[in-house]
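Here the structure comes first, spelled out in structure tokens, and everything after it is commentary.
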2 protein chains.
Amino acid sequence: MGGQKKNPELQKACPVRDVLDRLGDRWTVLVMSELQSGTLRFSEIRKRVMDISPRMLAQTLRNLEQDGLVKRDVYPTVPPKVEYTFTSLGESFYERVKAMIDWAADNHDAVRAARERYVAPEAHHAK
Amino acid sequence: MGGQKKNPELQKACPVRDVLDRLGDRWTVLVMSELQSGTLRFSEIRKRVMDISPRMLAQTLRNLEQDGLVKRDVYPTVPPKVEYTFTSLGESFYERVKAMIDWAADNHDAVRAARERYVAPEAHHAK
DNA sequence: CGGAATCCCCGTCGATACTG
DNA sequence: CAGTATCGACGGGGATTCCG
């Protein structure tokens, strides 16, 4: 996905983009769908999402925490233990996301079929 | 959003990513929310979305068309006229997207408030 | 264990210009 | 009008290394 500025002025004005942009990245949706099953530790999420790097998991979780969608609980034990849980805001958000995930699962075949059928419009001079 | 490969093998296996990735980009959601109001011409969408470049609009529309979410009708008149309309697949998809947009609008304040409250976790050695 | 810091690649997007 | 072509930059995110 492409770089480019993410104009903060525009974000202020646009609630949609502001919130939805988080779904743009590779991991947020995947992480949320694991968190759905309840409280999880950092390493547990890692195991479930499998090919996420610790760096990206940390970043994804911090974004979610920052937006008030996920709660982070630190237990100052040794070894350290950190748990992540949806807030109620997060749960209500995930409901909608879930609706989209389900749609994607249900209609994946239709979409893939459409992609296969698709032929590039030869400019407009359809010969 | 960032470059990096988009492993096609993984996409094949993952319906979620496959479909939802489209929402990651800057414009798809905006364009869809205009198309909601009915059939629109290329230039009409441009006027409504305002700061989208012709390049990005064309690309966004082609993606939607490719996925079978939007229908493209070309009238070989002069000057050319091209209309875009949701397919029924697209409409059913947009229903879910709309649910998220509405959530975003409703909870935008809560999210922004959470962001403002947020203080970076000073590593874990909470002094 | 749960991260943070650094390095670097490369896909996306934006701006600009051109065409049937 | 409805696009396409080319270019360059930005910044996401992977790999790796280190730390409390």
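In what follows, chains are A, B, ... by sequence order, proteins preceding strands, each numbered from 1.
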**Phosphate OP1/OP2 of C:dG14 contacted by B:Trp27 side-chain N/O (<4.0 Å)** = yes
**Message:** Is there a side-chain contact between B:Arg62 and the phosphate of D:dG3, meaning an N or O under 4.0 Å from OP1 or OP2?
**Reply:** no
**Touch class at under 4.0 angstrom, heavy-atom based, for B:Gln59 against every strand present** = sugar-phosphate
How close do [X] and [Y] get, heavy atom to heavy atom, and via which atoms?
X: A:Gly68; Y: A:Thr87; result: O-OG1, 2.7 Å
X: B:Leu57; Y: B:Phe42; result: CD2-O, 3.5 Å
X: A:Leu89; Y: A:Ser92; result: O-OG, 3.1 Å

Interatomic distance where [atom1] belongs to [X] and [atom2] belongs to [N] [whole Å]:
X: A:Lys81; N: C:dC1; atom1: NZ; atom2: P; value: 13 Å
X: B:Arg72; N: D:dA2; atom1: CZ; atom2: P; value: 10 Å
X: A:Glu65; N: C:dG3; atom1: CD; atom2: C1'; value: 13 Å
X: B:Asp51; N: C:dT16; atom1: CG; atom2: P; value: 14 Å
X: B:Asn63; N: C:dG11; atom1: CG; atom2: P; value: 16 Å
X: B:Arg22; N: C:dC13; atom1: CZ; atom2: P; value: 10 Å
X: B:Tyr75; N: C:dG20; atom1: OH; atom2: P; value: 25 Å
X: B:Asp25; N: C:dG11; atom1: CG; atom2: P; value: 17 Å

Please determine, for the side chain of [X], which listed nucleotide ([options]) has the closest atom?
X: A:Arg55; options: D:dG14, C:dG3, D:dG3; answer: D:dG14
X: A:Tyr84; options: C:dC13, C:dG3, D:dT4; answer: C:dG3
X: A:Pro79; options: C:dC1, D:dG3, D:dG14; answer: C:dC1

Let me have the donor-acceptor pairs involving side chains of residues 27-38 of chain A, under 3.5 Å, with sequence neighbours excluded, atom names and distances please.
from	atom 1	to	atom 2	distance (Å)
A:Thr28	OG1	A:Arg22	O	3.2
A:Thr28	OG1	A:Asp25	OD1	2.9
A:Thr28	OG1	A:Asp25	OD2	2.8
A:Ser33	OG	A:Val29	O	3.4
A:Ser33	OG	A:Leu30	O	2.9
A:Ser37	OG	A:Glu34	O	2.7

**Prompt:** Is there a side-chain contact between A:Asn63 and A:Asp67, using heavy atoms and a 4.5 Å cut-off?
**Reply:** no
**Any residue of residues 32-50 of chain B with a heavy atom less than 4.0 Å from an atom of DNA chain D** = B:Arg41, B:Phe42, B:Ser43
**Message:** Taking salt bridge (Lys or Arg N to Asp or Glu O under 4.0 Å) as the cut-off, I'd like each qualifying pair that reaches into residues 93-105 of chain B, sequence neighbours left out, listed once.
**Reply:** B:Lys98-B:Asp102
**Request:** For a side chain to side chain contact (heavy atoms under 4.5 Å, CB included) with A:Leu40, tell me which candidate from A:Arg48, A:Glu83, A:Arg46 qualifies.
**Result:** A:Arg48
